[in-house]
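To keep things clear, I will list the structure first and then write my remarks on it.
What you see below is based on every heavy atom in this structure, not just the backbone, and it leaves out hydrogens, waters and symmetry mates.
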Amino acid sequence: MNREFIEALEDLEREKHISKDMLLETIELALKQAYKKNYGSADNVRVEIDPVEGDVSVLAGKEVVENVEDDLTQISLDEAHEYDSRYEVGDVIEFQVTPSDFGRIAAMAAKQVVVQRIREAERNMVYDQYITRQGEVVNGRVSRLSGQTIYVDLDNAEGILPVKEQVRGEHFEVRQYIKVYIMDVKKSNRGPQIFLSRSHPGLVKNLFELEVPEIQDGTVEIKGIAREAGSRTKMAVASNDPGVDPVGACVGARGARVQAVVDELGGEKIDIIPWSNEPAEFISNVLSPADVEAVITNGDDDRVVTVVVPDTQLSLAIGKQGQNVRLAAKVSGWKIDIKSHSQYEEAMANGDFVFADDEDADDGAFEADDQAEDQEYEAPAETEADDFPEDAEAEEDTSEDAADQETEGTDEAE
């Protein structure tokens with residue numbers, strides 16, 4: 001090794017942010033192992049590299065003793081005094097034992113260490129870069145397909161889009177550009193593993209953040225989001241400025257903003273709902289496009305609500321295979337029981353409903369009898385925009401009435 005080698009290490013330190021001192025220390029350990037392997041030395045050997053000139057020295061330490069039992073590791077006191085009269089028993093004297101052909105061995109070992117450290121540093125840099133971007137949407141290009149798993153090129157890394165995070169009906173070709181949500185980043189022996197998603201509700205949230213400046217600057221806030229990927233999304237929004245309509249901001253002029261998101265999601269329906277702190281008002285909103293006649297709560301602690309809708313709106317309120325009320329429950333955080341007007345009146349006439357105790361219920365609240373027929377869907381404990389509900393596959397609706405009354409999210413928002 002020489003001065004050029006040290007300059008190369010200094011270049012690596014600047015470009016790859018790999019510590020020169022750490023590299024030298026690692027190379028010294030590697031050279032020690034190489035020396036022991038090639039020359040059968042004992043453990044009393046160490047390797048030293050001049051950090052300025054790059055000169056390599058192999059030093060063997062010998063302990064000063066009265067009676068020598070091992071010539072490789074010990075030296076007599078009399079012989080030690082020939083070098084320096086100040087040596088005493090127990091001192092260690094180092095002798096240079098660098099072989100004449102050790103330069104070739106040193107160069108090979110150093111190369112291996114440097115290459116390995118560069119790879120480790122690059123992997124750590126990629127991990128550090130993407131772990132901070134977890135929860136973001138990035139552009140990528142499909143690099144290869146392995147079975148049903150899709151691998152996506154993210155410039156300096158490769159992401160994995162597993163089949164369970166894909167949307168049913170979406171198909172991508174190699175070299176096709178797509179937007180993906182960074183769901184998780186993990187370390188492995190082969191480098192960081194970046195797990196991507198196209199079905200996560202965070203994808204919809206981030207797409208709206210990219211399209212709507214009012215969300216970026218904090219004027220409009222996404223309060224909750226629920227998604228059944230490939231079929232429908234419900235998103236509740238609120239405005240921190242009384243002069244800004246949160247729904248209108250997300251829809252955009254002639255629906256341009258929401259349509260851009262819908263196009264990216266392959267035509268997925270999106271319901272944009274105004275947020276409200278009043279449970280009755282908010283639940284009426286999240287059940288849109290169905291009209292709601294009454295919202296009957298049973299106390300905030302239970303978070304159970306009965307919703308009465310016109311007879312002609314029952315199938316629309318429930319949605320395809322219960323999708324509308326299921327998403328509404330996830331967004332609102334309430335367990336919702338849907339009843340038609342006639343079902344509610346029949347239950348009241350039969351005494352299936354009784355007033356809840358005044359101390360436990362809101363004004364006008366009722367408690368449902370266990371025998372009453374209902375359609376209940378319970379929401380998870382958390383319903384924030386960053387939640388990750390399980391994907392649900394959309395099924396074809398067998399009800400013509402429900403199909404006729406379904407509306408596109410963009411139409412509703414407008």
Once side chain to side chain contact (heavy atoms under 4.5 Å, CB included) is applied, do any residues pair with D245, and if so which ones, sequence neighbours excluded? V247
Does F172 have any ring pair (Phe, Tyr, Trp, His ring centres under 6.0 Å) partners at least two apart in sequence or in another chain, and if so, which? none
Contacts under 3.5 angstrom, residues 105-117 side chains, donor-acceptor by atom type, not counting sequence neighbours:
{"from": "Q116", "atom 1": "NE2", "to": "E120", "atom 2": "OE2", "distance (Å)": "3.3"}
{"from": "R117", "atom 1": "NH1", "to": "E120", "atom 2": "OE1", "distance (Å)": "3.2"}
{"from": "R117", "atom 1": "NH2", "to": "T26", "atom 2": "OG1", "distance (Å)": "3.2"}

With the side chain counted from C-beta on, respond yes when F5 and V56 share a heavy-atom pair under 4.5 Å apart, and no when they do not. no
Between R3 and E7, is there a salt bridge with N-O shorter than 4.0 Å? yes
Which pairs, with at least one residue in residues 284-293 and sequence neighbours excluded, count as a salt bridge (charged side-chain N to carboxylate O under 4.0 Å, His left out)? none
D311 side chain to H341 backbone, donor-acceptor under 3.5 Å: yes
Would a distance-only check, ignoring hydrogens and angles, find a side-chain to backbone donor-acceptor pair under 3.5 Å from R227 to H200? yes
Can you list everything that forms a side chain to side chain donor-acceptor pair (under 3.5 Å) with E10? Sequence neighbours excluded, please. K20
Considering residues at least two apart in sequence or located in another chain, which fulfil the side chain to side chain donor-acceptor pair (under 3.5 Å) criterion with R190? none
D241 and T219 side chains, donor-acceptor separation under 3.5 Å: no
Report all side-chain donor-acceptor pairs from residues 151-163 shorter than 3.5 Å, counting only partners two or more places apart or in another chain.
{"from": "D153", "atom 1": "OD1", "to": "D155", "atom 2": "N", "distance (Å)": "3.1"}
{"from": "N156", "atom 1": "OD1", "to": "Y130", "atom 2": "OH", "distance (Å)": "3.0"}
{"from": "N156", "atom 1": "ND2", "to": "Q129", "atom 2": "OE1", "distance (Å)": "2.7"}
{"from": "E158", "atom 1": "OE1", "to": "R144", "atom 2": "NH2", "distance (Å)": "3.1"}
{"from": "E158", "atom 1": "OE2", "to": "S143", "atom 2": "OG", "distance (Å)": "3.1"}
{"from": "E158", "atom 1": "OE2", "to": "R144", "atom 2": "NE", "distance (Å)": "3.3"}

Salt bridge (Lys or Arg N to Asp or Glu O under 4.0 Å) between K320 and E228, worked out: CA-CA 12 Å; K320 296 179 181 179; E228 294 190 356; over 6 Å; no
Going by atom types only, do E165 and S197 share a side-chain donor-acceptor pair under 3.5 Å? yes
Test side chain to side chain contact (heavy atoms under 4.5 Å, CB included) applied to E69 - qualifying residues, sequence neighbours left out: Q74
Taken in chain and number order and not counting sequence neighbours, the residues that satisfy side chain to side chain donor-acceptor pair (under 3.5 Å) with S276 are E281
For F282, what residues pass the ring pair (Phe, Tyr, Trp, His ring centres under 6.0 Å) criterion, not counting sequence neighbours? W275
For the side chain of E28 and the backbone of I49, is there at least one donor-acceptor N/O pair under 3.5 Å apart? yes
Between R198 and E264, is there a salt bridge with N-O shorter than 4.0 Å? yes
Do you know the tightest heavy-atom contact between N206 and G135? ND2-O, 3.2 Å
By side chain to side chain donor-acceptor pair (under 3.5 Å), which residues pair with Q216, not counting sequence neighbours? none
Salt bridge (charged side-chain N to carboxylate O under 4.0 Å, His left out) pairs touching residues 179-188, sequence neighbours excluded, are D184-K186
